[in-house]
Amino acid sequence: MARDDVKTGYKLIGTRPNRPDGLDKVTGRARYGADFSLPGMLHAAVVRSPHAHARIVKIDASKALALDGVKAVVTRADLPTGLTGEDLNLQDNTLAGERALYDGHAVAAVAATSALLAQDAARLIEVTYEVLPHVTDVDTAMAPGAPIIREGVADYSVPEGMHGNVARYMEFGHGDVEAGFAAADIVREHTYKTEATHQGYIEPHACVGQMGEDGRGEMWVCTQGHWYIRRMSAAVLGIDAANLRVTPSEIGGGFGGKTTIFMEPLSLALSRKAGGRPVKLVMSRSEVLRATGPTASASMDVKLGMKKDGTITAGQVFFRMQGGAFVGMSPIGEALPCAFACYDIPALKHEAVEVIANRPKAAAYRAPGSPMAAFAVESLVDEMCRELKLDPIEVRLKNGATNGSKSSYGPVYNVIGLKETLEAAKDHPNYSAPLGPNQGRGVASGFWFNHGGETSVTLAVGEDGTATVMIGTPDIGGSRASIGLMVAETLGIPYENVRVNVVETGALGVNEPTHGSRATFASGKAAVEAARQAMAEMCRRAAADWGIDPEAVEWKDGAAHPAGPNAGKFPPMTIGEIGSKMGSTGGPISGHHEVTAEGVGASFGTHVVDVEVDPETGRTTILRYLVVQDAGTAIHPAYVEGQYQGGAAQGIGWALNEEYVYGADGRLQNPIFLDYRIPVASDLPMIDTVIVEVPNPGHPYGVRGVGETGITPPLPAVASAIAGATGARIRSLPCSPPKVLAAIKANRA
Amino acid sequence: MAKVHLWASLRRFADGQEVVEVDATTVGQMMDALEKAHPGLGPAIKAGLSVAVDGEVIANNRAAPVGPDSEVFLLQRLKGG
Amino acid sequence: MRYHTPTSFADAATIAASTTGTLRFLAGGTDVLVQMRAGMVQPDDLIDLKHIPGVDQVVQTPDGGWKIGIAVPGIVLGGHAGLVADWPGVVEGMNLVGSTQVQGRATLTGNLCNGSPAADSVPGLIAAGATVTVTGPVGSREIPVEAVPAGPGKTNLAKGEVISSITLPPRGKNGGDCYLRFIPRTEMDIAVVGCAVSLRMDGDRIVEARVALGAVAPTVILSETCAKAIIGTTLDDAALAALTKAAEGAAKPISDKRGTKEFRIEVAGVLARRAAKIAYDRAKGLKA
Amino acid sequence: MSKIHISTTVNGDPVEFLADPRETLLDALRNQLDLTGTKEGCGTGDCGACSVVVDGTLVCSCLMLAAEANGKTVETIEGMAGEELHPLQRKFIEHAALQCGYCTPGILVAAKALLERNPDPTDTEVRYWLAGNLCRCTGYDKIIRAVQDAAAEMRGAA
């Protein structure tokens, strides 16, 4: 059931108009990161470490610099010293310092008059390495005797006596866990593992940077957040943020992976060394996979107590997560609170460590931490449901969090829609579709906090009564359309009369990136506030014209009206009329709102998947897939469905085939889409969606944010469906055919 | 006095207390008072904290009010992909 | 890099023989360009063979076989009714290579000369008994397809030699072939295991068979024991069990990022069984 | 390194340029002819973002040298719309069959090639034809629907 059919009183919200950038995107005119060119532009290439861990003894660029057309080489020696904390992390990752910390770690960069020449030059830069011991697996890194990769980087949270590769530690909980387990009829405990996966956006990182002798620079870049790019690049280069102007291109997918910098400051550093000529830097796919943010790999112990009626009495988790060779990059702080967020359980204990390993610096990936946590906890819940022959949806309804529940991580849930998603899943025909031989069904729920964040929006009324909205959150999946709908709804004007533009860093206050499912929520909320300000000003203009009190004017249907019979009789003054004479009534009319947006509504979803497993090869086919998720309010239902379907597809990929494969030499063995196997069109069925709407009281139109939760349930749901089809439980993702076949055989034996 | 709940692994920076009572009317005052009373919490506060005040998550707002009987939970600063 | 466009194989062989640095031939380019992009190969000379007349042709030989030009892309083979009718297993092997887009460029000869043990088109060619014509500076010779690969990324062609065509024998009556591969996804993967079966029937009984296994050894294997397991049988359960065992025994795989040794051995048996059944049905004129 | 003179027809227009022998058709289209609608996602023929049609055949322009395009006709996303959008382009917008839009040009070029060969494909045929066009945003559902809706309209059955 789409929202289109539901009576809400809204004129535009819940409809499905064409997105404003659609035309540019179907004609090839939309400009992405690599599509910008400037006069005099150079092209850059990056030299990367082939070793997982090595001391950099010497970098000799003389042969490269001797080539005609090579204009600049940059190494760590060209970057300022003295950085600390995350700034140092960023600089260390942009260019290796004394040591290369993972296969693919950038060591030097070169700019030349063509991309081919830059690549030739990069091959001529001679780097002398002294190879050091390495470790890439999260459990191996925690083993006694594992090489200690980053001595001394552990933060305040790590108690004495922990393994030298532990960089962070966290523990919280409530209730008496031991008493809870004692009260259970069955207590089960298993270890679950997930491999690192990559966001897999199809557009590789790309930017054009220009920086002159005066230290001022500009950058055009594909990013989820250009203020982040500005702040981080300025920090790495030791310049003031105000000296850098960053313009976001259209963005070819991000999923969290484009919320930080990887190579962007290099374009500026090279430009400066090349006399201020602009420098284009575009990653290859293998660079993307080797050196940009995969998510963490995880090894997770889970223990649950359950009564025969399905009541969960206690839960306990211990997560080990590896986020690369840099402290603070694994999502332990998100994974732990997500672990039991769908449940109301009287006693819980959460513990996690972040582990350092010779892998690339992890970045956020769609609901960071939540999919791994869900794989562990939801898999075990399913195992216990099967053991006790209980319906998995009933068990979740029995134990599920609801309005007023105290969450597993502290806050009290206000108004949430988990149970509504469970009920809708139970009622959906997919849940009762008959299953054939070798087929199985899996169910899982998922959670994401959602995020508000720093947000600044300006709205300007045009002379013709149209509205231009300036937002700072890049539009990845249709947010210009949804924000346009909310503004048009608020102003009471046609959707087509609102133009939403994503503007550069010089045009607005600081905005956080499009992350945390926040663009439609936070930029939307600020845009509505800006529209209300403009409406108030337009009411004042009408009041002045009519000679009545501004309080006696109200705004509806795109016009100022006298409010009630006592205000006087005046024909409505439309936004077009007000706009056309604004010059003579006090000047331009605009609204502006900036806020750290609070009032986020937690997001819950429930997925149901049917699979068929070939018992002779272990190969899994997805037969049916259902996503049910609470959107709060679906502003543009087509793009809400798109988020659900896209999240599910990524989760299915993670569950079945995607993984980072490291060799014994510490090198990534599959840095190519041929072997990093994301789902292709023929791998998937249609993905059914049900949009549940439990409006978020913290947003003027009830928006919760829909981007992230959808990737969470597929991991456990697919593994549980495979267990249903085969009787074999896969506790280590991906459920690749060799693993499933081996499990089927072990189960038979 | 607002009751501030520390997650378990923070307690060793506050003499093992699970709940620290703080005199504050805003989140910012609460954070400052916490750090003053227990300097060991400084790094955690600097690393970025969100709070839940009487059940409502305050991601990042020092001006958000804290009542005299408020129950406050400290949370890791959350963002997302 | 020098880019050459000879208009005869003799010229191509002469150029190839005269080069001193790294040399690559260019047919469909779907391997060479990937290797160049990755920096794995930086050719000094690249010889584009597509300017040679006839390389884009499929022609029937006087004896009823097929001569396939070295630049005929997969999409043309897939659309060639006569070839599909005679050698569906060969064509389906080629058509599994890469995407629709790759099919627009990739060729049988390129797939063979890339030297991958997992090449999808090679088991079908070997099972079919196909041969290649090799042209060198001093003339041409005809060798079986299985004599071309020498190991991963290597061929037995001498310096200056170039494959100038592929020949499939006449299918004849009561024959059928099939190629199956195992991949984790539905498309776009390299075969974890591949198996081609070509056979001929007399009534319900198999009288000739060739079975080739891919991705289970450094080169594609032509397995005598697999063939013997089904020759003389009606492909009953006992024959299928024997074939399974023979295929498992013939497979000598390694564990790598695409699959484990144990998995490959087991799936080699599964695919041999399944491919034989399809080939059998095709030989009997049943649609499969 | 001497360059090669290339004469070709792109979207109906005769063009000439000088190519490095190692330069791919993709790079030539983007960097020499400013036709940046054709995208690079992988450079290895695995993602389809660089799909173009050369002499009537759908190919990955990253797997073809610019030199090989000499004397040939090339069609890119920029040539797909006339005065009006192609039905596929229109249906992709209407069905929200794109999110980030980066894979969209390649998918449109590939889908158009499909419908020219097979005006009435099954969903499975569409999915296998497009298996070489990776999309990471949509889960393909709305893409398949948009292609089928466009096909129906083009058949006059809509």
Side-chain angles (χ1 to χ4, degrees), chain A residues 45 47-48 50 115-116 119-120 122-124 195 284-287 290 614-622 652-653 655-664 667-685 734-746, chain C residues 1 30-31 33-42 44 96-102 114 116 118 120 180-195 215 240 244 247-248 253-275 277:
Chain A
V47 179
R48 296 184 181 277
L116 284 169
Q119 288 157 21
D120 289 340
R123 276 188 283 273
L124 290 174
E195 238 319 325
S284 69
R285 176 55 52 185
S286 72
E287 288 182 288
R290 284 169 76 203
D614 182 339
E616 292 184 327
T617 65
R619 199 176 166 286
T620 300
T621 302
I622 307 286
I652 290 167
L656 288 181
N657 287 311
E658 292 180 36
E659 61 176 321
Y660 265 49
V661 182
Y662 279 91
R667 291 182 188 168
L668 183 62
Q669 300 209 328
N670 57 339
I672 172 173
F673 271 145
L674 182 68
D675 288 313
Y676 184 81
R677 303 183 186 109
I678 78 172
V680 303
S682 47
D683 290 340
L684 297 174
C735 299
S736 56
K739 219 183 274 175
V740 174
L741 186 62
I744 290 172
K745 292 179 74 173
Chain C
M1 185 187 84
T30 54
D31 288 311
L33 264 68
V34 172
Q35 291 158 5
M36 285 167 61
R37 178 79 168 92
M40 289 160 57
V41 176
Q42 294 294 319
D44 298 298
L96 285 172
V97 176
S99 61
T100 318
Q101 288 84 342
V102 168
N114 190 45
S116 167
D120 279 311
L180 294 177
R181 68 167 179 190
F182 181 85
I183 55 171
R185 291 184 293 187
T186 50
E187 271 282 4
M188 303 304 292
D189 288 334
I190 299 290
V192 180
V193 183
C195 179
L240 288 169
T244 303
E248 288 173 356
I254 54 167
S255 291
D256 66 8
K257 63 190 169 189
R258 294 179 184 134
T260 60
K261 180 180 167 183
E262 298 72 27
F263 179 78
R264 284 189 160 110
I265 289 172
E266 176 146 4
V267 172
V270 173
L271 293 188
R273 197 160 67 225
R274 293 179 180 179
K277 283 197 221 174

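A, B, ... follow the sequence lines: proteins, then strands. Residue 1 opens every chain.
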With a cut-off of 6.0 Å (strictly less than), are more than 12 heavy atoms of other residues, nucleotides or ligands near NZ of Lys745(A)?
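Incorrect, the count does not exceed 12.
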Give a yes or no answer on whether the side chain of Arg258(C) reaches the backbone of Asp675(A) with a donor-acceptor pair at less than 3.5 Å.
no
Contact origin within [X] toward chain C - heavy atom pairs under 4.5 Å:
X         : answer
Ser682(A) : both
Arg123(A) : side chain
Ser736(A) : neither
Lys739(A) : neither
Asp683(A) : both

Heavy-atom pairs under 4.5 Å with chain C are the metric here; pick the option from Asn670(A), Val661(A), Thr617(A) that has the most.
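If we count pairs closer than 4.5 Å to chain C, Thr617(A) comes out on top.
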Flag the one option from Arg677(A), Glu616(A), Gln669(A) with the top tally of heavy-atom pairs under 4.5 Å to chain C.
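Between Arg677(A), Glu616(A), Gln669(A), the count favours Arg677(A).
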So, for Pro738(A) and Gly259(C), which heavy atoms are closest and what is the spacing to 0.1 Å?
CG-CA, 4.3 Å
To the nearest 0.5 Å, what is the distance between [atom1] ([X]) and [atom2] ([Y])?
X         : Y         : atom1 : atom2 : value
Thr186(C) : Ile622(A) : OG1   : CD1   : 11.5 Å
Leu741(A) : Thr260(C) : CG    : OG1   : 8.5 Å
Asp614(A) : Phe182(C) : CG    : CZ    : 7.5 Å
Arg37(C)  : Ser286(A) : CZ    : OG    : 7.5 Å

Which residue, Val680(A), Leu674(A), Ile678(A), forms the side-chain contact (heavy atoms from CB on, under 4.5 Å) with Met188(C)?
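Option passing the side-chain contact (heavy atoms from CB on, under 4.5 Å) with Met188(C): Val680(A).
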Test item: Leu116(A) and Met1(C) side chains (from C-beta on) under 4.5 Å apart, heavy atoms:
no
Contact part of Gln42(C) toward chain A, heavy-atom cut-off under 4.5 Å: side chain, backbone, both or neither?
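It is the side chain, since no backbone atom gets that close.
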With a 4.5 angstrom heavy-atom cut-off, could you sort out which part of Leu271(C) is near chain A: side chain, backbone, both or neither?
neither
